[in-house]
**Student:** 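Input: one structure, supplied below.
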Amino acid sequence: MAEEEHHETFEAAGAGASKTFPMQCSALRKNGHVVIKGRPCKIIDMSTSKTGKHGHAKVHLVATDIFTGKKLEDISPSTHNMDVPNVRRQEYQLLDIQDGFLNLMDGDGNSKDDVKIPDSDLGEQIEKDFEAGKDLMVTIIAAMDEEQAISYKEAPQAA
């Protein structure tokens, strides 16, 4: 066999290489995360129902999309696996706001400028406080190749 065929490189894979990982339905917990209809969601309610003689117990999940806030539901046998999204939260310092995008910097000095200002009261509040000259820290949540600002606070001032 020719060996030159096997030259795959995996430089692009970071620590969170996989977007999701499988978990048995019965192991999911309230306030945990799960993928429903291809969307990363946070579980807000779940109940287990016992079925007939030869059936499987079913788990009924009610969850909200972590980006849109939309409510989604799913029913799955408790023995089946469901995808759980790898959700990351990270705080960034807000440097600037340009063309509706946040210009951010993490603790290591790496810049990030591909996160949109949220189309909500939060986005307006961030802009207002930034224009007032406040030093802000913005929390970004990321899952399944999507990112969004979910909260912010004034950066602690060095004394």
Side-chain angles (χ1 to χ4, degrees), residues 5-94 97 99-127 136-155:
E5 293 170 18
H6 305 288
H7 291 293
E8 290 122 15
T9 55
F10 299 101
E11 290 94 27
S18 171
K19 293 177 197 158
T20 62
F21 60 93
M23 185 183 277
Q24 192 167 329
C25 235
S26 55
L28 295 170
R29 294 288 169 254
K30 199 172 168 178
N31 293 329
H33 293 93
V34 68
V35 176
I36 297 178
K37 296 182 179 81
R39 300 291 305 155
C41 300
K42 183 173 187 168
I43 301 167
I44 52 173
D45 190 33
M46 64 186 290
S47 56
T48 309
S49 63
K50 292 187 171 35
T51 55
K53 212 169 176 181
H54 300 292
H56 291 280
K58 297 264 195 299
V59 176
H60 177 232
L61 297 167
V62 180
T64 54
D65 188 310
I66 59 176
F67 295 116
T68 65
K70 217 167 92 178
K71 197 171 182 179
L72 296 163
E73 291 189 46
D74 197 9
I75 294 176
S76 173
S78 65
T79 54
H80 284 207
N81 280 351
M82 287 193 78
D83 284 333
V84 177
N86 276 317
V87 180
R88 288 187 326 277
R89 287 169 168 262
Q90 195 168 358
E91 273 196 352
Y92 293 91
Q93 183 179 355
L94 181 61
I97 297 175
D99 308 324
F101 284 87
L102 300 170
N103 190 327
L104 306 163
M105 184 174 72
D106 68 9
D108 299 331
N110 303 317
S111 68
K112 176 174 194 55
D113 46 21
D114 54 356
V115 179
K116 266 193 163 143
I117 295 177
D119 299 330
S120 61
D121 297 343
L122 176 69
E124 290 171 25
Q125 201 64 45
I126 290 173
E127 281 189 270
L136 305 178
M137 296 296 286
V138 180
T139 303
I140 303 292
I141 191 166
M144 298 174 69
D145 295 336
E146 277 187 70
E147 294 179 314
Q148 186 175 315
I150 53 162
S151 67
Y152 80 99
K153 65 183 182 192
E154 209 168 328

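Here, residue 1 is the first one in the sequence, and each next residue gets the next number.
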**Student:** Taking all non-hydrogen atoms of both residues, which atom of V59 and which atom of S78 are closest, and how far apart?
**Tutor:** CG2-CB, 3.6 Å
**Student:** Counting neighbours of NZ on K50 that are heavy atoms of other residues, nucleotides or ligands and sit closer than 6.0 Å, is the number greater than 12?
**Tutor:** no
**Student:** Which heavy-atom pair separates K58 from I75 by the least distance, and what is that distance?
**Tutor:** CD-CG2, 3.9 Å
**Student:** Set out, in order, the CA-CA distance, both residues' side-chain angles and the distance that settles side-chain contact (heavy atoms from CB on, under 4.5 Å) for L72 and D74, then state yes or no.
**Tutor:** CA-CA 7 Å; L72 296 163; D74 197 9; over 6 Å; no
**Student:** Using 0.5 Å steps for rounding, measure from the OG1 atom of T68 to the CZ atom of R39.
**Tutor:** 5.5 Å
**Student:** Before giving the answer on side-chain contact (heavy atoms from CB on, under 4.5 Å), spell out for L102 and I126 the whole-Å C-alpha distance, their side-chain angles and the decisive distance to 0.1 Å.
**Tutor:** CA-CA 10 Å; L102 300 170; I126 290 173; 4.2 Å; yes
**Student:** Taking the side chain as everything from C-beta on, heavy atoms only, tell me whether V62 gets closer than 4.5 Å to K71.
**Tutor:** yes
**Student:** How long is the gap from OG on S120 to CD on Q125, to the nearest 0.5 Å?
**Tutor:** 10.0 Å
**Student:** With a 6.0 Å cut-off (strictly less than), is the heavy-atom count around CG of D114, excluding the residue itself, greater than 12?
**Tutor:** yes
**Student:** Apply the side-chain hydrogen bond (donor to acceptor under 3.5 Å, both in side chains) test between E147 and each candidate in K112, Q90, R88; give the one that qualifies.
**Tutor:** K112
**Student:** Working note: K19 + D83, criterion side-chain contact (heavy atoms from CB on, under 4.5 Å); need CA distance, chi angles, decisive distance, verdict.
**Tutor:** CA-CA 9 Å; K19 293 177 197 158; D83 284 333; over 6 Å; no
**Student:** Nearest 0.5 angstrom please: I140 CD1 to E91 CD, how far?
**Tutor:** 10.0 Å
**Student:** Using only atom types and a distance under 3.5 Å, with no angle test, would you say the side chain of K116 pairs donor to acceptor with the backbone of A149?
**Tutor:** no
**Student:** Does any part of the side chain of I66, heavy atoms only, come nearer than 4.5 Å to the side chain of Q148, both counted from C-beta?
**Tutor:** no
**Student:** Please report the closest heavy-atom contact between G123 and I117, naming both atoms and the distance.
**Tutor:** CA-CG2, 3.5 Å
**Student:** Report the distance from atom OG1 of T20 to atom NE2 of H33, rounding to the nearest 0.5 Å.
**Tutor:** 13.5 Å
**Student:** Considering non-hydrogen atoms only, spot the tightest contact between T79 and H56 and give its length.
**Tutor:** OG1-ND1, 3.7 Å
**Student:** Do the side chain of D108 and the main chain of N110 share a donor and acceptor less than 3.5 angstrom apart?
**Tutor:** no
**Student:** Taking the side chain as C-beta and beyond, is there a heavy-atom pair between M82 and L61 under 4.5 Å?
**Tutor:** yes
**Student:** If you look at every heavy atom in I36 and A63, which pair is closest and at what distance?
**Tutor:** CD1-CB, 3.9 Å
**Student:** Rounded to the nearest 0.5 Å, what's the gap from OG1 on T48 to CE on M46? Could you check?
**Tutor:** 5.5 Å
**Student:** Working to the nearest 0.5 Å, report the span between SG of C25 and CG of N81.
**Tutor:** 8.5 Å
**Student:** Using the rule given for side-chain contact (heavy atoms from CB on, under 4.5 Å), can you reason through L94 versus L104, listing the C-alpha separation, both sets of side-chain angles and the distance that settles it, and then say yes or no?
**Tutor:** CA-CA 5 Å; L94 181 61; L104 306 163; 3.8 Å; yes
**Student:** Between M144 and G38, what is the shortest heavy-atom contact and its length?
**Tutor:** CE-O, 3.7 Å
